[in-house]
Amino acid sequence: MKEEVPSNASEESQGWFLPDNVSRNSLYLSEAPPLPLNPWDVVLCISGTIISCENAIVVAIIFYTPAFRTPMFLLIGSLATADLLAGLGLIFHFAFIYCIQSEVVNLITVGLLVTSFTASVGSLLAITIDRYLSLYNALTYYSERTFTRTYIMLILTWGVSICFGHLPVMGWNCLKDDSTCSIVKPLTKNNLIILSISFFMVFALMLQLYVQICKIVCRHAHQIALQRHFLATSHYVTTRKGISTLAVILGTFASCWLPFAIYCLLGDYTYPALYTYMTVLPATYNSMINPVIYAFRNQEIQKVLWTICCGCISSSMPFRSRSPSDV
């Protein structure tokens, strides 16, 4: 006996879901009935376009600028690459779900999205670790060990992300058993729970590292203020600026991803699709905000952008060496 699904769920079960009004066998046929356009899918596609354009600029700048061959910019490039793939995944998912309607293509695009968003979160963790180490080991940060550590973090981040993305394609999906589906078809409930728990572990580690960074920033600001005899003013201003910047970074990340991560644990495949779209959309916005926080605020990247746009700054202008804590 087929399980009844709320009517509002079936009406919006498009895009992230296999539509209820189309049989699974018909998804393999070229003459499958066309799907009605879902406004939420349109919004996600537009978001993906903006994400792709933003991060493509960052990737191009870092790739074509020799001065950016440093650990800090390698990690920013990894983040931009992951977000670029996420934006392309949103575009491909929209195009394929309304044009091709194939289970195979659906699995591939969902796998791409899982890989890219996992790599994005992993790159954010790697950037946080790099920032902490640049402050904790400031004297030894610019060494060969830093490059080696950066490459290791990148390999681990993308290796784990690719493994997570291959799970649906390799058979861990709910195409043959709807009762095992999560709020995002064709991912299984167990698959999404593992991803959510992994996110909470990453978030807890980032929170702990940023707390330690705040302590180091406060201690450094206090020491500098004592040396310059401006304790009342300099210490307060520097500390407030550093803490507010870290609060914006961590607050943005949490506000974008926590709703979706929590709903992944609590939601069920019978829940209305509207809830999934309302939590997925803010998560995609994190990939839209990342270039602004981690790339476009950087003075060296700004110089390159001005040079490309209007030639206001000479491309031969020397870059000032900056540590990850400055970004």
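Side-chain atoms of T180 and K189, non-hydrogen and from C-beta on, never get closer than 4.5 Å to each other. Side-chain contact check for Y136 versus I213: every heavy-atom pair is 4.5 Å or farther apart. Proximity of P39 to V43: side-chain heavy atoms (C-beta onward) are nowhere separated by under 4.5 Å. N286 is listed as a side-chain neighbour of L124, based on a closest heavy-atom distance under 4.5 Å. When side chains are defined from C-beta on, N106 counts as touching P186, because their heavy atoms get closer than 4.5 Å. Taking the side chain as every heavy atom from C-beta outward, F203 and V121 never approach each other to under 4.5 Å. The closest side-chain heavy-atom distance from E54 to I50 is below 4.5 Å. Annotation: side chain of T65 is not in contact with side chain of E300 (no heavy-atom distance under 4.5 Å).
The closest donor-acceptor contact from the side chain of S182 to the backbone of V184 lies under 3.5 Å. No donor-acceptor pair under 3.5 Å is formed between the side chain of R131 and the backbone N or O of I127. Without hydrogens or angle criteria, D268 side chain to Y271 main chain gives no donor-acceptor distance under 3.5 Å. Looking at N173, its side chain does come within 3.5 Å of a backbone N or O of P168 through a donor-acceptor pair. The backbone N or O of Y132 lies less than 3.5 Å from no partner atom in the side chain of Q212, so there is not a single donor-acceptor pair. Counting only distance, with no hydrogens or angles, the side chain of Y269 and the backbone of T188 share no donor-acceptor pair below 3.5 Å. In this structure a side-chain-to-backbone donor-acceptor pair under 3.5 Å is present from N55 to I51.
The two residues R69 and P66 make their nearest non-hydrogen contact at CG-O, 3.1 Å. The two residues I62 and F68 make their nearest non-hydrogen contact at CA-CD1, 3.8 Å. Of all heavy-atom pairs spanning L281 and L44, the tightest one is CD1-CD2, 3.5 Å. In this structure, T279 and F260 approach most closely via the heavy-atom pair O-CB, 3.4 Å. Across every non-hydrogen atom of S47 and T284, the tightest pair is CB-OG1, 4.4 Å. Here the closest non-hydrogen pair linking C174 and L187 is SG-O, 3.9 Å.
In this structure, the separation between OH on Y294 and CD1 on I249 is 5.0 Å, given to the nearest 0.5 Å. Atoms CZ and SG, from F94 and C99 in turn, are 8.0 Å apart once rounded to the nearest 0.5 Å. L167 contributes atom CG, which lies 11.5 Å from atom CG of L107 (distance to the nearest 0.5 angstrom). In this structure, the separation between CD1 on I76 and CD1 on I293 is 11.5 Å, given to the nearest 0.5 Å. Atoms CG and OH, from L192 and Y263 in turn, are 10.5 Å apart once rounded to the nearest 0.5 Å. The OG1 atom of T115 lies 7.0 Å from the NE2 atom of H166; values are rounded to the nearest 0.5 Å.
By the rule that hydrophobic residues join a cluster once side-chain heavy atoms approach within less than 4.5 Å of another member, I194 and L156 end up as members of separate clusters. In the hydrophobic cluster analysis, where Ile, Leu, Val, Met, Phe, Trp and Tyr join through side-chain heavy atoms closer than 4.5 angstrom, M170 is grouped apart from F164. Grouping the Ile, Leu, Val, Met, Phe, Trp and Tyr side chains by contacts below 4.5 angstrom, directly or via other members, places W172 with L265. The same ILVMFWY cluster, assembled from side-chain heavy atoms under 4.5 Å apart, contains both I197 and L266. Cluster membership check: I162 does not share its hydrophobic cluster with L113, using side-chain heavy-atom separations under 4.5 Å among Ile, Leu, Val, Met, Phe, Trp and Tyr.
Remark: L133 pairs with I129, N137, R149 by the side chain to side chain contact (heavy atoms under 4.5 Å, CB included) rule, at least two apart or across chains.
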Using the rule given for side chain to side chain contact (heavy atoms under 4.5 Å, CB included), can you reason through D130 versus S134, listing the C-alpha separation, both sets of side-chain angles and the distance that settles it, and then say yes or no? CA-CA 6 Å; D130 188 58; S134 71; 5.5 Å; no

Taking it one step at a time, do L305 and I57 satisfy side chain to side chain contact (heavy atoms under 4.5 Å, CB included)? CA-CA 9 Å; L305 283 174; I57 294 174; 3.8 Å; yes

Please report the C-alpha distance between V304 and Y64 in whole Å, then the side-chain angles of each, then the deciding distance to 0.1 Å, and finally whether the side chain to side chain contact (heavy atoms under 4.5 Å, CB included) criterion is met. CA-CA 10 Å; V304 176; Y64 288 107; over 6 Å; no

Between M72 and T150, is a side chain to side chain contact (heavy atoms under 4.5 Å, CB included) present by the stated rule, with each step listed? CA-CA 8 Å; M72 175 183 67; T150 301; over 6 Å; no

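Atom CZ of F200 sits in a crowded spot, with more than 12 heavy atoms from other residues, nucleotides or ligands closer than 6.0 Å.
Taking the six-membered ring for Trp and the full ring otherwise, F117 and W257 have centroids separated by under 6.0 Å. Taking the centre of each ring, Y210 and F253 stay at or above the 6.0 Å mark.
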Side chains of residues 77-90: which donor-acceptor partners sit under 3.5 Å, not counting sequence neighbours?
| residue | atom | partner | partner atom | Å |
| --- | --- | --- | --- | --- |
| S78 | OG | S123 | OG | 2.9 |
| S78 | OG | W158 | NE1 | 2.9 |
| T81 | OG1 | G77 | O | 2.7 |
| D83 | OD1 | S120 | OG | 2.7 |
| D83 | OD1 | S287 | OG | 2.8 |
| D83 | OD2 | N290 | ND2 | 3.1 |

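Taking the six-membered ring for Trp and thresholds of 30 and 60 degrees, F96 and F92 have nearly parallel ring planes, at less than 30 degrees apart.
Checked by atom type, the side-chain pair Y98/N38 shows no donor-acceptor distance below 3.5 Å.
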